[in-house]
Number of protein chains: 2
Amino acid sequence: MSPKEKIEISTEEKIKITARQVFLKKGFAATRTRDIAEEAGINLALLNYYFRSKAKLFEIIMTETLSSFVGSIQKVLNNEETTLEEKISQLAASYIDLLKSEPEIPTFLVTEIRNNPKELKSKFPLGQKILQSRFYEQYQEAYQQGKVKEAHPLHFMLNLIGLIVFPFVAKPLLMEVSEVGQEQFETVMEERKRLIPLWLKAMMETE
Amino acid sequence: MSPKEKIEISTEEKIKITARQVFLKKGFAATRTRDIAEEAGINLALLNYYFRSKAKLFEIIMTETLSSFVGSIQKVLNNEETTLEEKISQLAASYIDLLKSEPEIPTFLVTEIRNNPKELKSKFPLGQKILQSRFYEQYQEAYQQGKVKEAHPLHFMLNLIGLIVFPFVAKPLLMEVSEVGQEQFETVMEERKRLIPLWLKAMMETE
DNA sequence: GTCTATAGGGGGATAGAC
DNA sequence: GTCTATCCCCCTATAGAC
């Protein structure tokens, strides 16, 4: 490749990128391969040439999306240099940034897992990874030192993730049903980067 | 109708009940009218005889589900006899009870609104109803008295609803990805009836 | 590799008998 | 009202030319 050469995206890559957008937006069932082909500016036959079937293509997208999602979080969870509080702040900030750039991810995952709950666990032992993380260790330490009041860590995890993710799940409904617009939503999410760690601290000290 | 007569469900009603279950579980796009007919123990043609089309049937289900959902909440929001704190407790308790009996509702609403964001607003001016509620009035009073620290009420609403609803949205993923089972989930949700009001109070006093 | 044309099947809807 | 049989469209997938 000469240095002058324009960076061209291969047809295969173009299909994948487009497919990702469409699948994220509409979900597997509601997506037609024609939508993808059209939007990618290629012929429908090419999609099958490269990926054999809609299902295969979808599985690739799904796996890659989950991998990068899980991977990005694991780095934070297992950082040996940071305290529990710092990890919470980092999680809130990086999660929110990620979801601001791809707000459809939570709804996408929720609907696709509903329709196909199988095989996820074996591929992504997420629960296990959390339980084995430095993050979880630090949480347990805090609990033993009496800094955390509520016994069941499930509450803590639900609260941490829910406070971050739920607004994105509720966003379409919220924007439809109220006067909240895109700009205001983003402002509020920026504020939450700061607020969520404070809230969680206050919640953890409550019984 | 003689008093002795068994209470028989009309075919129309039977279709509607079944359709509701299937739609809630799989969503509009992934549901086949054949699924509904089969599970209702009737013939496919009957479905169209009574409801003309899949879309019409779906719209009826959707409207009724939303109506009862919204209605049940409005009663709590506009109760003149209760304080803000009591309303929060009641909302948590009755919402959680409702969702324990029909846990698919949140995911259902989220996915269907994504696929069809139109017309919801006009039919259910939910945002407006909240802003005009006694509940919201009391929240504003609390804010003016300095009991609530954070300026934007959107945070408060997102937190209130998110703490209640998010676990149900995350439930399929949670149960797939961890060792949490149905029983444990229900126990945790019962605890949250008590905890959410406490947490919210603590959060509201945090800046 | 990329296209056109078409096969093949599934699913929503209807005609018409009972 | 309820059924069987069937239509027909839409969508996925493939065959085959270029």
Side-chain angles (χ1 to χ4, degrees), chain A residues 1-2 5-64 108 111-112 114-116 118-119, chain B residues 1-2 5-64 108 111-112 114-116 118-119:
Chain A
M1 290 187 214
S2 85
E5 203 175 322
K6 252 193 187 171
I7 302 149
E8 303 238 333
I9 316 164
S10 69
T11 303
E12 184 172 359
E13 194 60 23
K14 190 165 39 170
I15 295 175
K16 238 165 71 175
I17 291 170
T18 310
R20 185 159 196 280
Q21 292 169 346
V22 180
F23 279 138
L24 280 181
K25 195 155 121 193
K26 314 218 273 185
F28 180 80
T31 294
R32 297 172 311 152
T33 50
R34 284 184 165 100
D35 297 338
I36 299 171
E38 209 170 305
E39 196 144 336
I42 56 109
N43 189 277
L44 175 55
L46 269 184
L47 190 150
N48 291 292
Y49 172 75
Y50 282 109
F51 298 97
R52 280 201 55 88
S53 77
K54 179 187 175 184
K56 293 267 182 203
L57 175 55
F58 180 78
E59 210 199 312
I60 292 171
I61 306 291
M62 181 56 129
T63 304
E64 290 188 359
F108 172 77
T111 65
E112 299 308 328
R114 169 180 69 172
N115 294 339
N116 189 6
K118 316 154 202 170
E119 64 169 331
Chain B
M1 292 188 210
S2 84
E5 204 176 324
K6 253 194 185 169
I7 303 148
E8 303 238 333
I9 316 162
S10 69
T11 302
E12 184 172 359
E13 195 60 23
K14 190 165 39 171
I15 296 174
K16 237 166 71 175
I17 291 170
T18 309
R20 187 160 194 279
Q21 292 168 347
V22 181
F23 278 138
L24 280 181
K25 195 155 122 195
K26 315 219 274 184
F28 180 80
T31 294
R32 297 173 310 151
T33 51
R34 286 178 163 86
D35 296 339
I36 299 171
E38 209 170 307
E39 195 143 337
I42 55 109
N43 191 278
L44 175 57
L46 269 185
L47 190 150
N48 290 290
Y49 172 75
Y50 282 110
F51 298 97
R52 280 202 55 90
S53 77
K54 179 187 177 184
K56 292 267 182 203
L57 175 55
F58 179 79
E59 210 198 313
I60 292 171
I61 305 290
M62 181 58 130
T63 304
E64 290 188 0
F108 171 78
T111 65
E112 299 309 327
R114 168 182 69 172
N115 294 339
N116 189 5
K118 316 154 202 169
E119 62 169 329

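So you know, we letter chains A, B, ... as the sequences are listed, proteins then strands, and number each from 1.
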Just by distance, do the side chain of Lys54(B) and the backbone of Phe28(B) share a donor-acceptor pair under 3.5 Å?
yes

Are the side chains of Ile36(B) and Leu57(B) in contact, using a 4.5 Å heavy-atom criterion?
yes

Can you check whether Glu64(A) reaches Arg20(A) side chain to side chain, under 4.5 Å on heavy atoms?
no

Using the side-chain hydrogen bond (donor to acceptor under 3.5 Å, both in side chains) criterion, which residues pair with Lys14(A)? Sequence neighbours excluded.
none

Mind checking what makes side-chain hydrogen bond (donor to acceptor under 3.5 Å, both in side chains) contact with Glu38(A), not counting sequence neighbours?
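Glu38(A) satisfies side-chain hydrogen bond (donor to acceptor under 3.5 Å, both in side chains) with no residue once adjacent residues are dropped.
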
Tell me the interatomic distance from Ile15(A), atom CD1, to dC3(C), atom C1', rounded to whole angstroms.
13 Å

Here the distance between atom C1' of dT12(D) and atom CZ of Phe51(A), to the nearest Å, is 16 Å

Nucleotide by nucleotide, nucleotides 4-18 of chain C touches protein heavy atoms under 4.0 Å in the pattern (B base, S sugar-phosphate only, - none) B------BBBBB---

